[in-house]
Amino acid sequence: MSAATASNMPLVVHAPLISGVVDSKPHFAATGVAVDRAILNMASVSANQLMAAMAPHNSMAPTIGKGDIVLIDTSRTELLSGQIFAVLLDDAIVIRRVVLGAEFISLQPDNQDQSSYFPIQLPVNASLQVIGHIFWRGGMLAETSVNIQGM
């Protein structure tokens, strides 16, 4: 890319924000999320293959917390074991870590609270609508107090 072309590119791109599911398709909020192009460059993600979503609960905590914004690469829809993906399931967006088995696809929560969050098991041949691979997250820091010596 020439210096002239690079200087014409905006430093920030707009990621459509998924606000829900309507008729088994993502529905988008009126506003989106501004994303620094450097993040996309580091992840090798094209701006036209970008979506964002807000984590609806703590099923992926501590990796992704309730209310965190995740960025989704919609060009990566082939499920890979150990990676986090956003999928549409029963008219809901599900964000989970994928574990591929011989007979089942398991959508695993990172949260170990098994009374609230549980794996979703699907047959390997199940029709699953994959939105894309989660490659970035941002959110609030947990409230913690730190005792710093000398202060």
Side-chain angles (χ1 to χ4, degrees), residues 1-113 116-142:
M1 176 182 319
S2 72
T5 305
S7 66
N8 295 333
M9 294 183 78
L11 297 176
V12 175
V13 298
H14 175 267
L17 178 64
I18 301 170
S19 62
V21 179
V22 176
D23 296 328
S24 299
K25 294 182 180 157
H27 183 263
F28 297 97
T31 60
V33 176
V35 179
D36 189 318
R37 187 173 291 281
I39 293 170
L40 300 183
N41 291 342
M42 285 187 289
S44 299
V45 175
S46 170
N48 63 355
Q49 299 292 326
L50 179 66
M51 286 185 191
M54 183 179 291
H57 42 67
N58 278 319
S59 67
M60 289 302 294
T63 311
I64 300 168
K66 179 180 180 178
D68 282 359
I69 298 293
V70 295
L71 297 181
I72 305 165
D73 177 358
T74 62
S75 72
R76 290 186 56 194
T77 58
E78 182 180 339
L79 297 176
L80 299 171
S81 224
Q83 298 293 307
I84 301 173
F85 282 83
V87 300
L88 287 178
L89 195 60
D90 297 328
D91 279 340
I93 297 168
V94 175
I95 298 171
R96 294 286 172 91
R97 190 173 304 279
V98 171
V99 176
L100 299 175
E103 297 180 20
F104 291 95
I105 298 169
S106 183
L107 304 176
Q108 296 279 340
D110 280 3
N111 192 320
Q112 297 302 307
D113 178 1
S116 298
Y117 308 108
F118 50 89
I120 299 168
Q121 301 282 340
L122 302 166
V124 112
N125 61 353
S127 176
L128 187 62
Q129 188 175 350
V130 179
I131 298 171
H133 176 255
I134 307 282
F135 69 93
W136 181 93
R137 74 116 190 116
M140 299 293 291
L141 293 175

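A donor-acceptor pair under 3.5 Å is formed between the side chain of Ser19 and the backbone N or O of His27. Without hydrogens or angle criteria, Thr74 side chain to Gln49 main chain gives a donor-acceptor distance under 3.5 Å. Side-chain N or O atoms of Asn111 include one that pairs as donor or acceptor with a backbone N or O of Asp113 at under 3.5 Å.
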Practice problem: Would you check, one step at a time, whether the test side chain to side chain contact (heavy atoms under 4.5 Å, CB included) holds for Val13 with Arg37? | Solution: CA-CA 6 Å; Val13 298; Arg37 187 173 291 281; 3.1 Å; yes

Exercise for the section: Check step by step if side chain to side chain contact (heavy atoms under 4.5 Å, CB included) holds for Ile131 and Met51. Expected result: CA-CA 9 Å; Ile131 298 171; Met51 286 185 191; 4.1 Å; yes

- Message: Pair Val70, Trp136 - check side chain to side chain contact (heavy atoms under 4.5 Å, CB included), show working.
- Response: CA-CA 6 Å; Val70 295; Trp136 181 93; over 6 Å; no

What's the verdict on side chain to side chain contact (heavy atoms under 4.5 Å, CB included) for Ile93 and Ile18, showing C-alpha distance, side-chain angles and the deciding distance?
CA-CA 9 Å; Ile93 297 168; Ile18 301 170; 2.8 Å; yes

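Atom CG of Leu79 sits about 6.0 Å away from atom CG of Leu100, to the nearest 0.5 Å. Put simply, CG on Leu89 and CD1 on Ile120 are 5.5 Å apart, with the number rounded to the nearest 0.5 Å. Rounded to the nearest 0.5 angstrom, Arg96 CZ and Tyr117 OH are separated by 9.0 Å. The structure places NE2 of His57 at 11.0 Å from CD1 of Ile64, a figure rounded to the nearest 0.5 Å. The CZ atom of Phe135 lies 4.5 Å from the CG atom of Leu71; values are rounded to the nearest 0.5 Å. Note that CD1 of Ile105 is 8.5 Å distant from CG of Asn125, once rounded to the nearest 0.5 Å.
The salt bridge (charged side-chain N to carboxylate O under 4.0 Å, His left out) check on Arg137 picks up Asp68, with sequence neighbours excluded. In this structure Arg97 satisfies the salt bridge (charged side-chain N to carboxylate O under 4.0 Å, His left out) test together with Asp110, sequence neighbours excluded.
Residues Val33 and His14 fail the side-chain proximity criterion, which asks for heavy atoms closer than 4.5 Å. With a 4.5 Å cut-off on side-chain heavy atoms, Thr63 and Ile84 count as touching. Counting only heavy atoms from C-beta outward, the side chains of Leu88 and Pro26 approach each other to under 4.5 Å. Under the 4.5 Å side-chain criterion, counting only non-hydrogen atoms from C-beta, Gln121 is in contact with Gln108. Side chains of Leu11 and Asp36 form no contact here, defined as non-hydrogen atoms less than 4.5 Å apart.
Residues Ile69 and Ala52 share a closest heavy-atom pair of CG2-CB, 4.3 Å. For Ser59 against Pro109, the heavy-atom pair with the smallest separation is O-CB, 3.1 Å. In terms of heavy atoms, Leu128 sits closest to Leu122 at CD1-CD1, 3.8 Å. The heavy-atom pair separating Phe85 from Leu80 by the smallest distance is CE1-N, 3.5 Å.
Within 6.0 Å of CG on Asn48 lie more than 12 heavy atoms contributed by other residues, nucleotides or ligands.
When each of Leu40, Val35, Ile72 is paired with Val45, the side-chain contact (heavy atoms from CB on, under 4.5 Å) condition holds for Leu40 and for no other.
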